[in-house]
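What you see is a predicted model; the values in this text were computed from it and never measured.
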Amino acid sequence: MTEEELNIAFHKAFERASSTKIQLPPDIMLRFYAYYKRATHTEGLYNPSGDSELRNAFKLNAFFQAQNLTPKEAKIKYIELVDKYITD
């Protein structure tokens with residue numbers, strides 16, 4: 001898969017995940033979050049946004065768990081998660 005094909009597949013997967021009505025468990029949602037952020041946030045320090053410090057801590061922890069992935073690997077993992085969990 002070329003870089004362009006991967007980017008197209010990643011954006012399509014993001015659209016599917018964003019528009020789903022499926023309620024996923026929090027741990028799966030955090031994996032989606034971590035892979036997406038790792039794929040798209042490539043510069044500088046990462047600081048999750050939100051009003052809840054506890055939720056931000058979970059987001060940051062998920063992001064750190066994906067830090068060993070390259071953005072390309074994170075895109076592939078994200079696409080795989082969408083294919084596994086988003087069936088609509």
Side-chain angles (χ1 to χ4, degrees):
M1 180 181 296
T2 68
E3 193 72 28
E4 182 179 350
E5 291 170 330
L6 178 60
N7 287 333
I8 291 169
F10 177 71
H11 288 292
K12 285 182 180 180
F14 176 74
E15 288 174 9
R16 281 179 60 202
S18 297
S19 65
T20 189
K21 303 283 189 242
I22 297 172
Q23 295 289 325
L24 296 170
D27 61 319
I28 302 301
M29 291 180 68
L30 283 169
R31 287 175 47 201
F32 273 98
Y33 178 85
Y35 294 149
Y36 179 81
K37 285 298 182 183
R38 184 64 188 109
T40 60
H41 183 84
T42 58
E43 306 225 357
L45 294 174
Y46 172 70
N47 188 18
S49 61
D51 295 334
S52 170
E53 287 185 27
L54 180 61
R55 184 174 290 165
N56 287 344
F58 278 109
K59 288 179 178 180
L60 191 58
N61 183 50
F63 182 76
F64 284 147
Q65 289 179 20
Q67 73 180 351
N68 63 330
L69 298 174
T70 66
K72 181 178 181 178
E73 291 169 331
K75 287 177 184 178
I76 292 168
K77 294 268 190 193
Y78 186 90
I79 293 165
E80 290 171 351
L81 271 184
V82 169
D83 289 342
K84 182 175 182 177
Y85 290 104
I86 309 298
T87 56
D88 54 345

In residues 2-11, what donor-acceptor pairs under 3.5 Å come from side-chain atoms, sequence neighbours left out?
residue, atom, partner, partner atom, Å
Thr2, OG1, Glu5, N, 3.1
Thr2, OG1, Glu5, OE1, 3.4
Glu5, OE1, Thr2, N, 2.8
Asn7, OD1, Lys75, NZ, 2.4
Asn7, ND2, Glu3, O, 3.3

Checklist entry - Do you reckon Met1 sits in the same ILVMFWY cluster as Leu81, going by side-chain contacts under 4.5 Å, direct or chained? => result yes
Next on the checklist: Between His41 and Phe63, does the side chain to side chain contact (heavy atoms under 4.5 Å, CB included) criterion hold? Intermediate values first, please.
Outcome noted: CA-CA 10 Å; His41 183 84; Phe63 182 76; 4.2 Å; yes
Checklist outcome for this item: By side chain to side chain contact (heavy atoms under 4.5 Å, CB included), Gln65 pairs with (sequence neighbours left out) Asn61
Next on the checklist: Let me confirm one number: the OH-CZ distance from Tyr78 to Arg31, rounded to the nearest 0.5 Å.
Outcome noted: 12.5 Å
May I have the list of side-chain donor-acceptor pairs in residues 15-25 shorter than 3.5 Å, sequence neighbours left out?
residue, atom, partner, partner atom, Å
Arg16, NH1, Asp83, OD1, 3.1
Arg16, NH2, Ile86, O, 2.5
Ser18, OG, Phe14, O, 2.8
Ser19, OG, Glu15, O, 3.0
Ser19, OG, Arg16, O, 3.4
Thr20, OG1, Ile22, N, 3.1
Thr20, OG1, Asp88, OD1, 3.2
Thr20, OG1, Asp88, OD2, 3.2

Next on the checklist: Tell me if a side-chain donor or acceptor on Arg38 pairs with a main-chain N or O of Thr70 at a distance below 3.5 Å.
Outcome noted: no
Item to check | Rounded distance (nearest 0.5 Å) linking atom NZ of Lys12 with atom CD1 of Ile79 | outcome: 10.5 Å
Checklist entry - Which ILVMFWY residues can you reach from Phe58 by hopping between side chains whose heavy atoms are under 4.5 Å apart? => result Leu30, Leu54
Item to check | Nearest non-hydrogen partners of Ala34 and Ala62, listed with the distance | outcome: CB-O, 3.2 Å
Checklist entry - Would a hydrophobic clustering, with Ile, Leu, Val, Met, Phe, Trp and Tyr connected at side-chain separations under 4.5 Å, put Leu60 with Phe32? => result no
